[in-house]
Structure formats: C-alpha cells, structure tokens
Visitor: 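If you scroll down you'll find the structure; I have some questions about it.
Since this is a predicted model, take the numbers as computed values, not measurements. Values below: every heavy atom of this structure, side chains too, minus hydrogens, waters and symmetry copies.
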Amino acid sequence: MIFSETFFFRTAELIGTLAFAASGAMLAIDRHLDLLGVIVLGVTTALGGGVLRDIMSRSTPAVLCKHIYAVASIAGGLLYYLCYYFGWNSELPVLLSVLLVVVIRLLAAHLRWDLPKIA
C-alpha cells in the first residue's frame, strides 16, 4: 500500500486545521479585529475541532502533547494579518498562510520538533 492509514489521518487533520485557521482569520479580518483578535480567532477555530475530535475519541488532545500545532497556527494567523495590513487583499495571503502552516507542520513531523517542556 502506497499510503498508510496514518498518512491519511494526518493529511485529513492538516487540511481541517488549515481550513478552520483560515476561516477564523478571515472572519476576524471581516469583523475588523486587531492582530490579537485575528490570531486568537484563527488559533481557536483551528485547534477547537481537533480537541473535540480527540476528546470524543477518548484520547489526549494532540495540542496538549505537541505544542507545535498551536505555534504553526499562530504563525499562519500572524502572516495572514500582516499581508492584509500591507494591502494584499487577494487570495495570496490565504495561500501564503496555508503554505507557512504546512511547512512548519511537515518540518515538525519530519524533524520531530517540539517546544521545550516546562518543568
């Protein structure tokens, strides 16, 4: 089999995270929120679905184990806001933000990145 079950689920999770992060950030921009509002709404919508999925499947939410998920969402929201702030009002900010989150998540998975543990 070319694609494993794990690959399918990780890809589906990544697509869902990206879709919700982008929709949250776009909604925040439409509501004229500031940078903090864009990031909070983007991260909340991006991570909320995954947390609900993990809770309903009786597993520990991934965001509590792998903090790079939240960092990638924050970076994507920040980039989207900066593109909007500098007047890029096309699909390009969404594509750049999605690309940034994908790159961070893929590098984190491949290189086993994680944030330092707080003792």
Visitor: Rounded to the nearest 0.5 Å, what separates atom CG in Leu106 from atom CH2 in Trp113?
Guide: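 Between atom CG of Leu106 and atom CH2 of Trp113 there are 10.5 Å.
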
Visitor: Let me have the donor-acceptor pairs involving side chains of residues 31-51, under 3.5 Å, with sequence neighbours excluded, atom names and distances please.
Guide:
residue: Asp34; atom: OD1; partner: Gly37; partner atom: N; Å: 3.0
residue: Thr44; atom: OG1; partner: Val40; partner atom: O; Å: 2.6
residue: Thr45; atom: OG1; partner: Phe20; partner atom: O; Å: 2.6
residue: Thr45; atom: OG1; partner: Leu41; partner atom: O; Å: 2.9
residue: Thr45; atom: OG1; partner: Gly42; partner atom: O; Å: 3.1

Visitor: Would you say the side chain of Pro93 lies within less than 4.5 Å of the side chain of Trp88, judging by non-hydrogen atoms?
Guide: yes

Visitor: In terms of hydrophobic clusters joined by side-chain contacts under 4.5 Å, are Val94 and Leu27 together?
Guide: no

Visitor: Among the clusters formed by ILVMFWY side chains lying less than 4.5 Å apart, do Leu99 and Ile15 turn up in the same one?
Guide: no

Visitor: Let me check something: do Leu78 and Leu95 share a hydrophobic cluster, defined by ILVMFWY side-chain heavy atoms less than 4.5 Å apart, either directly or through other members?
Guide: no

Visitor: Identify the heavy atoms of Ala72 and Ile104 that sit nearest to each other, and give their distance.
Guide: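 That closest heavy-atom pairing would be CB-CG2, 3.7 Å.
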
